[in-house]
Every structure is written in structure tokens, then in C-alpha cells.
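All values derive from a computational prediction rather than experimental measurement. To find a chain, count down the sequence lines: A is the first, B the second, and so on, and within it residues start at 1.
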Amino acid sequence: MLDRDALLRDLNPPQREAVTAGDGPLLVLAGAGSGKTRVIAHRIAWLLGVRGVDPRHVLAVTFTNKAAGEMARRVADLLLPAGVRAPLIATFHAACVRILRQHIKHIGYPPHFTIYDEDDRLALVKEGMRELDLADRTWTPASLVHRISAAKNQMLTVEEVERAARGPREEKIAALFRRYQERLAAAAAVDFDDLLLLTVRLFDEAPAVLAWYRGLWTHVLVDEYQDTNRAQYRIIRQLTGEHRNVCVVGDPDQSVYRWRGADIRNILDFETDFPGTCVIRLEQNYRSTRRILAIAAAVIAHNLARKDKTLWTENAEGEPAAVYRAWDEHEEANFVAQTVLAARAAGRPWDEIAVFYRTNAQSRVLEDALRRGGIPYVIVGSVRFYERREIRDALAWLRLIVNPADDVAFRRAVQAPGRGIGRATLVRLDEVATREGRGLLSLAAAPPADVTGKPGRALEDFAALVATLAARREGTTLPAFIDEVLNASGYREDLKQERSAEAEARLENLEELIAAAEDHARTEGGATLEGFLDGIALVSDVDEWKDDARGITLMTLHSAKGLEFPLVFLTGLEEGVFPHARSMGSVDDVEEERRLCYVGITRAKERLWMSYALHRRIHGYGLGEPSRFLLEMPEEHLTLLGAAGRADAREAAPVAAPAATGDDDLPLKVGARVRHGRWGEGLVVGVERSGDDVLVTVRFASVGRKQLSLQYAQLEEL
DNA sequence: GAATAAATTGTTTTT
DNA sequence: CAATTTATTC
């Protein structure tokens with residue numbers, strides 16, 4: 001047994017309550033920096049070490065593998081003295097893979113299914129577009145992938161999408177969706193969305209399997225609940241609907257994955273979904289200074305669709321945040337580099353510093369400046385290891401060996417290295433494959449009549465080689481096998497022949513892949529090729545980031561969620577960049593961007609620098625107006641650096657900002673009738689100036705009195 | 001069929 | 001503007 005007092009000693013009262021709450025649904029609304037991870041870890045330790053729950057009966061779900069690893073480490077630290085084993089802590093996707101690998105046969109899939117990632121998906125959609133003559137200018141492949149994914153995230157079946165299709169455009173999309181699913185099935189492959197959907201289906205259609213898991217996991221904990229989607233919600237319900245021992249932790253203000261299907265209603269409606277829920281709020285922040293928190297609060301307060309919540313802290317007031325207006329992105333990057341060097345000179349280690357940006361593309365200029373300044377850095381994301389060409393080529397071979405039906409892998413492997421099989425041959429092969437409903441590899445073993453001569457023989461040789469390798473798999477270790485595949489395929493030799501620096505780097509990366517397999521074999525004990533490939537399919541950017549990095553960290557705001565740094569830079573705070581141009585169309589989109597901004601600000605413990613550029617080269621548009629988020633921050637907590645005066649900022653912003661002089665030119669008068677996109681028509685009952693903004697009080701027929709900030713609310717005068 | 005040159009075209013965020 | 005797709009040449 002664990003010492004319960006020791007476990008609770010360093011927790012504040014609400015944290016303690018969350019850790020010790022008994023069975024039944026538990027919702028922990030945990031503000032940024034309120035010790036959320038700590039609470040989950042301690043609760044798990046409480047369940048196992050004090051309440052005596054068997055570790056096998058607990059499932060904890062996190063958002064990234066890194067978070068899972070971190071959680072496992074903390075739980076192990078707490079439980080080690082009591083000699084208790086840690087429970088299963090995994091991402092939703094990883095847990096689903098585990099379940100599906102074991103039971104997917106109940107819904108008619110083979111257990112050795114392949115997981116298709118974003119690239120494979122794109123390849124599939126492109127093939128489908130060609131097939132269905134969708135290759136005109138109307139859609140981009142990426143947008144169609146997105147639409148298919150959106151449909152799946154809403155848990156719509158192909159039939160439902162077909163039925164709901166109105167007009168030729170939607171019918172074409174539905175047809176593509178059908179083709180996409182058919183191709184997936186033919187390749188014995190599933191995509192990311194399927195991992196969740198098929199688990200739901202499995203539980204629906206195989207009640208015995210569900211019953212088994214219900215009995216197995218009697219206690220379920222879910223982190224980052226605000227970012228769960230419909231399917232994940234269903235899985236939680238399926239697993240816990242009966243015993244209702246479900247503890248979810250999250251913060252609606254940090255929900256930033258709506259575009260990926262996350263449904264904020266999951267957390268907002270949790271209390272009604274699980275009647276009798278015990279709700280605990282963690283509102284004391286242990287991370288940031290008071291000023292940083294005040295800035296974050298002011299920004300997030302501009303979201304209308306939001307339950308009000310106030311974070312407080314006992315931390316020091318801290319320094320004001322700095323805002324830097326740069327002439328262009330290069331000057332912005334130099335500013336970051338110079339400030340980083342100054343911090344370093346003041347004794348701050350590199351790993352206390354992080355630079356965030358909205359899009360990966362922004363990292364380039366920053367990298368250049370850092371390199372010039374001799375500043376070591378680590379980038380999370382951008383070109384991921386497992387997305388490099390040579391790695392994907394090698395993985396294609398491995399995937400094909402595991403799953404001979406994997407056509408996407410076939411296309412890749414058969415041309416890596418080139419072996420005289422080109423487009424024409426593949427088109428012919430594909431025609432027959434589609435007609436006869438067969439896989440490309442099985443056709444290659446006995447090529448159709450119209451593929452003769454050299455290409456025909458090359459296909460046969462290729463198929464034979466894959467078969468030989470597949471047979472050799474059992475006899476050797478995983479790393480040795482990968483090594484053998486690289487040699488037997490001729491891929492390594494091909495690169496060696498090139499004798500360029502680039503080829504040299506690629507060869508090194510292949511060695512790194514083998515090293516990764518060695519790692520995997522070591523940590524997982526009896527490592528299988530399948531397990532290795534699963535792991536790779538599910539790694540995220542942040543997973544690869546090591547926090548003992550000997551450099552400053554560069555990453556997107558999305559990757560930054562869940563992390564914290566003493567010194568933080570938020571760059572590219574311009575309209576069109578952040579909020580992103582593609583997210584400025586609707587109020588909901590902008591509110592999600594604002595939450596992302598909130599996430600960024602609240603990563604900072606001590607110091608925060610924010611910057612924007614007046615000129616930025618993003619193909620075409622890009623005259624930098626300062627981000628609306630900057631204008632939402634309280635001036636008293638900001639220091640303006642360089643020539644970047646607040647007045648200048650405002651001048652550069654042709655936002656419908658009310659003129660600063662005179663009281664008569666208020667844009668609305670009491671008694672005016674207005675329309676709001678969300679609440680409909682209303683009557684203006686009050687108008688007052690508040691700092692730089694104008695607050696309008698409106699009486700709506702639908703929801704009564706509301707005070708709106710004119711600058712951000714979409715009000716139309718009638 | 002493959003290598004090279006020219007044209008085009010797309011760009012958020014990611015498990 | 002860089003990366004990918006398509007046209008051209010060998």
C-alpha cells in the first residue's frame with residue numbers, strides 16, 4: 001500500500017478532491033498550468049496504491065505518445081515505492097490498434113491490416129480522382145482528403161453521404177468516398193479515422209468483445225478531453241456506460257482540434273451525458289506570472305461561445321510582455337535571435353527557450369537567423385524523420401512484406417530503386433487489378449498478357465523477391481531483417497552509386513531506421529515487424545522531441561500544447577497568419593484560433609515576447625496588419641519595442657476600429673436595431689467606450705441582454 | 001522507360 | 001517560390 005498522506009501532501013484542496021473522488025463520472029476542468037498532469041498521475045496512483053485496484057483494470061488515454069510516456073513515468077515514480085505496476089497508458093489511436101489487432105476479424109478485416117497515413121491517403125485520393133475524372137480545377141486532393149475525413153469524423157457511412165448528396169458536386173465527392181473506401185478495403189488498409197470508427201463498430205457488432213473490455217477496464221481516465229471527437233466519445237461511452245467509472249480532464253479554452261473533428265460539446269455536455277457527474281475545477285495556475293495570465297485572460301475573454309472561468313495565481317507579477325513590430329519576417333527572425341542571445345548572455349540555458357509559430361513554413365526564416373547567430377535549435381515537426389523519402393521507401397518494402405495487398409506500398413517499393421517499371425506498366429497493371437479486384441503484387445507475380453518483355457520480367461522478379469524476403473522474415477531479428485531488405489532490394493546499393501552528399505545523408509538515415517528498430521527490439525522485448533510499423537504509423541512530432549535538447553525549441557502552436565517553457569516567443573502575429581487566413585471565415589474558426597493564441601501565451605512561465613511583421617512574403621497577399629489578438633491584450637502589461645508603437649499598430653490596422661476622438665461619432669446609437677449572426681435581431685440599449693473598443697449592450701429577442709465588443713462581434717445595423 | 005526541362009499549382013494546424 | 005506534375009528529349 002502507498003502512503004496516502006505522502007500522495008496528497010503537495011496538492012491543493014481541489015486537486016486533492018480530484019485525486020480522491022470515488023467511483024462514478026468525474027469531470028475535472030483544469031485551466032492552463034493548474035497541475036492537470038499531476039492530478040491524473042496522482043489519481044492513478046491513488047486508485048492503484050490506495051484503493052487497491054489492479055493495474056490491469058485501469059486504462060488511461062492521452063493525446064500524444066509523449067504525453068503517455070510522461071504520464072507513465074510520473075505514475076511509476078509514485079508507485080515504485082509500493083511495488084505496484086503501472087497500468088496501460090496510451091493514445092486513443094494506439095489503444096484502438098491494440099484492440100483491433102486482436103479482434104478485428106469479427107468485422108471482417110484481416111488482423112495484419114496496414115495503417116495508412118496522411119501521405120498514403122493522399123495517394124489513394126489522387127488515384128480515385130484520376131479514375132473518376134475529378135482532376136479538374138474544382139478540388140484539390142488535399143481538400144478532398146479533408147472532406148472524406150470530415151465525413152468519417154461525423155461517423156457518416158458511404159451510403160449516408162451518398163444519400164445526403166445534393167447536386168453533381170456532392171455526388172462526385174460521395175462517389176470518390178466510395179472508391180476511397182473500396183481501395184482501402186482492397187489493400188487491407190485502414191486510415192487514422194478508421195482506427196477509431198472500426199473500434200466503435202467492433203464494440204457494436206461484437207458484444208462479447210465489448211463485454212470483455214468493459215470487464216477489463218473498470219476505470220478509465222481521459223486526458224485532453226476537450227479535443228476528443230465523436231468516435232472517441234462513443235468509445236468512452238461504450239467502455240464506461242455501464243460502470244461509469246470515467247474520469248475526464250480537460251480545458252474547453254484549449255480546444256484546438258476542431259478541424260480534425262474534435263467536438264467541444266463532448267466536454268461541455270459531459271455533465272448531462274453522465275448524470276451525477278462530480279465536477280471539479282482547477283483554477284489556480286502554478287506556471288505563469290500574473291501578467292502573462294492577465295494577457296491570456298484578456299484574449300480568451302473575447303470568445304463569446306465560452307463558459308467564463310478565471311485563473312488565478314500566487315506567482316509573482318513578472319515582467320510585461322514585449323511586442324515587437326518588425327519591418328519584415330527577416331527582421332522579426334533577427335529580433336528573436338538577438339533576444340535569445342541576450343537571454344543566453346544573462347545566463348539562461350538554451351532549453352528554457354521556445355519559439356512558436358502558426359504554420360511550419362514560418363520556421364525557415366527563423367532557422368536561418370538562428371544559424372547565423374550560432375544558436376543551437378531543435379525543430380519539432382516540419383520534415384519528420386519518418387516522412388523522409390528514403391525512410392518511406394524502406395517502409396514501403398516492409399509494409400508490402402507484411403501485407404501483400406498494400407497497393408500504395410507496392411507502387412512505392414516497385415520503383416525504389418527503379419527497375420524498369422514505369423508509368424505505362426503500372427497503368428496497365430492497375431486496370432487489370434481494378435477489373436479483377438486483385439492486388440498489384442499478386443498480379444505482378446504473373447503479369448497480364450499485355451505486359452511483356454523487360455517490364456514483365458521485372459515485375460515477376462520483384463514479386464519473387466518480395467516473397468523470398470517475406471519467407472526469410474521469421475529466421476532473423478528485426479534490425480537484421482531490415483538490413484537484409486535494404487540490400488536485397490538494391491536500394492542501398494543504388495544510393496551508394498550516387499556518391500552525392502545527399503545520398504550520403506539518406507544512407508545515414510537508413511542506418512538510423514535500423515537503429516530505431518534495434519531500440520524497438522530492446523524496449524518491446526519480442527519485437528515484431530508489425531509492432532514496429534504500428535509504432536511508426538502512430539508517432540507524432542512531439543513524440544520525437546526530447547526535452548533535454550541542447551538547443552532552443554521551435555514548434556507550431558499546436559505542438560506546443562501541453563508543454564511549458566520559461567521564455568516564450570510568439571511570432572507572426574498578423575492577420576492572415578495568425579489568425580490564419582483560412583480560419584477567418586467564420587466566428588467559430590476565429591474563436592478556435594483565439595484559443596490557440598491562449599494556449600501559446602499560457603505556455604510561458606516567466607517571459608513572453610510577441611512579434612509581427614509589416615511585410616511577409618507568403619505568395620501573393622501579405623501586408624501585415626497586427627493580429628487582432630494583439631489588440632485584445634491589455635496595454636498595461638505590454639512593452640512596445642523598437643519603433644512599434646501601439647498607435648502605429650492601430651494605424652496599420654484598417655480594422656473597423658472606432659475613431660478615438662469625439663463621443664458623437666459612436667458607430668451605433670441607443671435605440672438602433674441590429675442583427676447578430678448568432679443571436680438574431682436585437683435592440684441597442686447602451687453604447688459606451690471602453691479603452692480602444694466600443695461596448696454595445698443589446699437586448700436580443702432570443703437570449704436577452706448581451707454586452708458585445710463592437711470590434712469583434714459581427715453586428716449588422718438594420 | 002528514364003532523365004531532364006518546363007510548367008503549374010498549391011499552402012494550417014496532425015493523431 | 002518551392003515542390004510537384006507534365007512535356008520533351010534521349
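- In this structure, Tyr257(A) atom OH and dT15(B) atom P are separated by 6 Å, rounded to whole Å.
- The closest side-chain heavy-atom distance from Lys561(A) to Gln254(A) is below 4.5 Å.
- For the pair Lys126(A) and dT5(C), the criterion of a side-chain N or O lying under 4.0 Å from OP1 or OP2 is met.
- One atom, CZ of Arg389(A), and another, C1' of dA2(C), lie 15 Å apart when rounded to the nearest Å.
- When heavy atoms are screened at a 4.0 angstrom cut-off, Glu118(A) is found touching base atoms of the nucleic acid.
- With Ser149(A) contributing its side chain and Val145(A) its backbone, the two residues share no donor-acceptor pair below 3.5 Å.
- Annotation: Arg98(A), atom CZ; neighbour count of heavy atoms from other residues, nucleotides and ligands within 6.0 Å does not exceed 12.
- Per the geometry, CD belonging to Gln415(A) stands 14 Å off C1' belonging to dA3(B), to the nearest Å.
- A straight line from CG of Asn153(A) to C1' of dT14(B) spans 12 Å, rounded to a whole angstrom.
- Stacking between His580(A) and the base of dT12(B) is present: ring centres sit under 5.5 Å apart and the planes differ by under 30 degrees.
- The side chain of Trp259(A) lies closest to dT13(B), out of dT15(B), dT12(B), dT13(B).
- For the pair Tyr233(A) OH and dT15(B) C1', the computed distance is 21 Å after rounding to whole Å.
- Contact between Arg265(A) and Asp263(A) at its shortest, heavy atoms only, is NH2-OD2, 2.7 Å.
- Checking dT15(B), dT13(B), dT11(B) against every side-chain atom of Ala142(A), the shortest atom distance belongs to dT11(B).
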Inset, instruction - With salt bridge (Lys or Arg N to Asp or Glu O under 4.0 Å) as the test, would you mind laying out the steps for Asp407(A) and Arg183(A) before giving the verdict? - result: CA-CA 9 Å; Asp407(A) 285 351; Arg183(A) 279 181 178 271; 5.7 Å; no
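- Straight-line distance from the CZ atom of Arg595(A) to the C1' atom of dT13(B): 13 Å, rounded to whole Å.
- In terms of position along DNA chain B, the nucleotide closest to Thr359(A) lies nearer the 5' end than the nucleotide closest to the other residue of the pair Gln232(A) and Thr359(A).
- Among the atoms of the strands shown, only primed sugar atoms or phosphate atoms (P, OP1, OP2) are found under 4.0 Å from some heavy atom of Phe63(A).
- For the pair Phe462(A) CZ and dG1(B) P, the computed distance is 16 Å after rounding to whole Å.
- The distance between atom CZ of Phe356(A) and atom C1' of dT13(B), rounded to the nearest whole Å, is 14 Å.
- For dT11(B), neither phosphate oxygen OP1 nor OP2 lies less than 4.0 angstrom from any side-chain nitrogen or oxygen of Asn360(A).
- OP1 or OP2 of dT14(B) has at least one side-chain nitrogen or oxygen of Thr556(A) nearer than 4.0 Å.
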